J.: 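Here's a structure for you.
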Amino acid sequence: MARVAKKTAKAKRVAKAKPAAKAKVTTSTATTTPIVTKAQKAVDAAAKALDAQLDRVGKARARAQKSNSAAAKQSLTAANAKLREQRAKLAEAKLGLAKASAMDAVRQAEESVKKKVTDMADKLSAKADKELEKAVKAFASRWKKARAKVDAKKVKMAEKKATAKVKSAAKKAAAKAKVLEKKAAVKAKAEAKKAAKAASKKKAVRKSAAKKTAVKKAPAKKSAAKKAAAKTVKAAPKKSASRGRPAKKTAVKKAAGRRGRPPKTA
């Protein structure tokens with residue numbers, strides 16, 4: 001009877017210990033985080049304690065069946081109670097391992113999702129950069145064309161305004177030149193008239209001066225005739241120098257001949 005009880009206890013122990021070992025294999029291959037590792041160690045320790053308690057229960061059962069005493073029965077009852085506690089601890093450790101595995105799976109899934117999202121974001125960013133570069137180039141070419149048209153219109157308007165300003169300035173300059181030419185012509189005419197008047201005045205002055213010189217020369221000739229007559233008169237008294245009074249008359253004539261201005265030489 002004792003041998004049969006021992007064999008049945010070992011069979012139960014092996015049957016109950018196998019799921020724990022399977023759980024260890026399945027979970028240990030998938031766990032990588034410290035939390036899962038710690039939970040797996042707790043499961044392994046609880047399984048070992050359960051195996052040891054199963055051996056104690058088998059021994060206590062064998063003693064109780066053999067002796068059928070109160071102490072043997074009491075030790076068997078205590079061993080069974082301890083076995084239930086170990087089973088509860090193993091179940092709790094397995095639950096903790098399952099939670100840690102689930103959390104680790106969630107973490108790994110989150111990390112994989114984040115990695116996928118990051119990779120997708122990087123790909124999309126690179127694609128967006130390329131598309132943006134293309135779009136910027138296309139926009140730049142369109143903008144440059146449109147701006148070139150606008151600038152060409154502005155340049156044409158500026159050219160028109162400049163040509164209009166140049167034409168108006170040329171017209172003003174031509175009008176001003178005409179006015180200056182007219183003023184210069186009027187001034188030249190006035191100066192010509194002044195010169196003609198001055199020349200006529202000079203001619204008149206010259207004529208009057210010639211007349212004056214002619215008038216002055218005529219009295220000079222008369223004075224020369226008077227001088228000649230006086231000389232003849234002087235020569236006549238010399239013949240009668242011994243006579244008295246006629247000499248005084250000649251002296252008076254000489255004094256009279258000295259009056260007046262001397263004749264101007266031409």
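Being a predicted model, the structure only gives us computed values, none of them experimental. Reckoned from all heavy atoms, side chains included, excluding hydrogens, waters and symmetry mates.
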J.: Give me the other members of the hydrophobic cluster that Val136 sits in, counting Ile, Leu, Val, Met, Phe, Trp and Tyr linked by side-chain heavy atoms under 4.5 Å, directly or via other members.
T.: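 Grouped by the 4.5 Å side-chain rule, Leu132 form the rest of the cluster around Val136.
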J.: Excluding sequence neighbours, so at least two apart, what forms side-chain contact (heavy atoms from CB on, under 4.5 Å) with Ala42?
T.: Ala93
J.: Sequence neighbours excluded, which residues qualify as side-chain contact (heavy atoms from CB on, under 4.5 Å) partners of Lys82?
T.: Gln53, Glu85, Gln86
J.: Could you work out, with salt bridge (charged side-chain N to carboxylate O under 4.0 Å, His left out) as the rule, every residue matching Glu111, not counting sequence neighbours?
T.: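 Counting only residues at least two positions away or on another chain, Glu111 forms a salt bridge (charged side-chain N to carboxylate O under 4.0 Å, His left out) with Arg107.
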J.: Supply the atom-to-atom distance Arg56 CZ to Ser75 OG, rounded to the nearest 0.5 angstrom.
T.: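 Interatomic distance, Arg56 CZ to Ser75 OG, rounded to 0.5 Å: 12.5 Å.
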J.: Between side-chain atoms of residues 164-173 and protein atoms elsewhere (two or more places apart, or another chain), which donor-acceptor pairs fall under 3.5 Å?
T.:
residue	atom	partner	partner atom	Å
Ser168	OG	Ala164	O	3.2
Ser168	OG	Lys165	O	2.7

J.: Taking salt bridge (charged side-chain N to carboxylate O under 4.0 Å, His left out) as the definition, give me every residue that meets it alongside Lys149, ordered by chain and number, with sequence neighbours left out.
T.: none
J.: So does Gln108 get a backbone contact from the side chain of Ser112, meaning a donor-acceptor N/O pair under 3.5 Å?
T.: yes
J.: What residue among Lys176, Glu181, Lys182, Lys183 forms side-chain contact (heavy atoms from CB on, under 4.5 Å) with Val179?
T.: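 Among Lys176, Glu181, Lys182, Lys183, the one meeting side-chain contact (heavy atoms from CB on, under 4.5 Å) with Val179 is Lys183.
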J.: For residues 114-129, which residue pairs qualify under salt bridge (charged side-chain N to carboxylate O under 4.0 Å, His left out), counting only residues two or more places apart or in two chains?
T.: Glu110-Lys114
J.: Counting distance only, does the side-chain N/O of Asn80 pair as donor-acceptor with the main-chain N or O of Leu76 below 3.5 Å?
T.: yes
J.: Listed by chain and number, what are the salt bridge (charged side-chain N to carboxylate O under 4.0 Å, His left out) partners of Glu133, not counting sequence neighbours?
T.: Lys137
J.: To the nearest 0.5 Å, what is the distance between CG on Asp104 and OG1 on Thr33?
T.: 3.5 Å
J.: Rounded to the nearest 0.5 Å, how far does CG of Leu97 lie from CD1 of Ile35?
T.: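 If I round to the nearest 0.5 Å, the distance is 12.0 Å.
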J.: With sequence neighbours left out, what residues match Ser67 under side-chain contact (heavy atoms from CB on, under 4.5 Å)?
T.: Ser69, Ala72
J.: Under 4.5 Å between side-chain heavy atoms, chaining through other members, with only Ile, Leu, Val, Met, Phe, Trp and Tyr counted: pull out the rest of the cluster around Val186, sorted by chain and number.
T.: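 None, because no other hydrophobic side chain comes under 4.5 Å of this residue.
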J.: Taking transitive links into account, so neighbours of neighbours count too, which hydrophobic residues share a cluster with Phe139 at under 4.5 Å side-chain distance?
T.: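 Members other than Phe139 - counting any ILVMFWY side chain reachable under 4.5 Å - are Trp143.
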J.: Taking only distance into account, with no hydrogens and no angle test, what donor-acceptor pairs under 3.5 Å do side-chain atoms of residues 150-163 form with protein atoms, sequence neighbours excluded?
T.:
residue	atom	partner	partner atom	Å
Asp151	OD1	Arg147	NE	3.4
Thr163	OG1	Glu159	O	2.9
Thr163	OG1	Lys160	O	2.7

J.: Report the distance from atom CD of Glu131 to atom CG of Leu124, rounding to the nearest 0.5 Å.
T.: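 That separation rounds to 9.0 Å.
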